[in-house]
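Below: one structure, written as structure tokens.
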Amino acid sequence: MADYLLLMHGDATSTVDGAAWGAYFATLRAAGVFEGGSAIGGGACARRAGEPAALAAQLTGYIKVTAPDLAGARAWLAGNPVYEAGGTIEIRELPRG
């Protein structure tokens, strides 16, 4: 099993159902794949020298899940309130190290 981040973008095309988050998290927990997550707010980018890249303002939250592979992680998008509202979910594997 590998760890994946589901990064939610703030581009949903319809209203995100806040009540649906409880059901979604319950599904992930019941499957034993939920490893945490949170909404994320504003911040800043820093760089030792020169201008830093712009803050990735489209990211609004993350969920960490376990899955056997990318396809398995993608399967956990069903029921995600941002995904169901037409928003983008970026899936990133966390390297083992």
Side-chain angles (χ1 to χ4, degrees):
M1 294 290 253
D3 292 325
Y4 291 87
L5 287 181
L6 307 180
L7 301 167
M8 272 69 69
H9 289 216
D11 64 348
T13 57
S14 63
T15 304
V16 175
D17 180 2
W21 283 109
Y24 179 64
F25 289 135
T27 298
L28 296 178
R29 284 186 180 102
V33 301
F34 182 74
E35 297 291 326
S38 177
I40 55 176
C45 291
R47 186 174 182 168
R48 184 176 173 118
E51 281 296 312
L55 186 69
Q58 78 273 13
L59 298 178
T60 61
Y62 75 95
I63 298 170
K64 183 178 174 185
V65 298
T66 57
D69 53 27
L70 182 60
R74 183 183 299 268
W76 294 116
L77 296 182
N80 179 293
V82 171
Y83 182 76
E84 298 298 344
T88 302
I89 307 293
E90 189 172 328
I91 306 168
R92 296 291 191 105
E93 184 174 0
L94 294 174
R96 300 229 180 238

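Scanning both residues, Tyr24 and Ala78, for their nearest heavy atoms gives CE1-O, 3.6 Å. Closest approach of Pro52 and Cys45 over heavy atoms only: CG-O, 3.5 Å. Across all their heavy atoms, Val16 and Ala85 have their closest contact at CG2-CB, 4.0 Å.
To the nearest 0.5 Å, atom CZ of residue Arg96 and atom CE of residue Met1 are 9.5 Å apart. How far CD of Gln58 is from CE of Met8: 13.0 Å, rounded to the nearest 0.5 Å. Considering CD1 of Ile63 and CD1 of Ile89, their distance stands at 7.0 Å, rounded to 0.5 Å. Distance CG/Asp3 to CD/Glu93: 8.5 Å, rounded to 0.5 Å. In this structure, the separation between NE2 on His9 and CG on Leu59 is 5.0 Å, given to the nearest 0.5 Å. Tyr83 OH to Leu77 CG: the interatomic distance, rounded to the nearest 0.5 Å, is 5.5 Å.
At a cut-off of 3.5 Å, with distance as the only test, a side-chain donor of Thr88 or Asp11 sits close to an acceptor on the other residue.
One N or O on the side chain of Glu84 and one on the backbone of Gly79 form a donor-acceptor pair closer than 3.5 Å. Tyr4 places a side-chain N or O within donor-acceptor distance of the main-chain N or O of Leu70, the cut-off being under 3.5 Å.
A single hydrophobic cluster is not seen to contain both Leu28 and Tyr62; linkage of ILVMFWY side chains at heavy-atom distances under 4.5 Å, directly or through other members, places them apart. Under the 4.5 Å side-chain heavy-atom criterion for ILVMFWY residues, a single connected hydrophobic cluster contains both Val82 and Val33. In this structure, Ile40 is a member of the same hydrophobic cluster as Leu7, with clusters built from ILVMFWY side-chain heavy atoms closer than 4.5 Å. Linking Ile, Leu, Val, Met, Phe, Trp and Tyr residues whenever their side-chain heavy atoms come within less than 4.5 Å leaves Leu5 and Trp76 in two separate clusters.
Contact annotation: the side chain of Arg74 approaches that of Ile91 to within less than 4.5 Å [non-hydrogen atoms, C-beta and beyond]. Taking 4.5 Å as the limit, every side-chain heavy atom of Lys64 sits out of range of all side-chain heavy atoms of Leu6.
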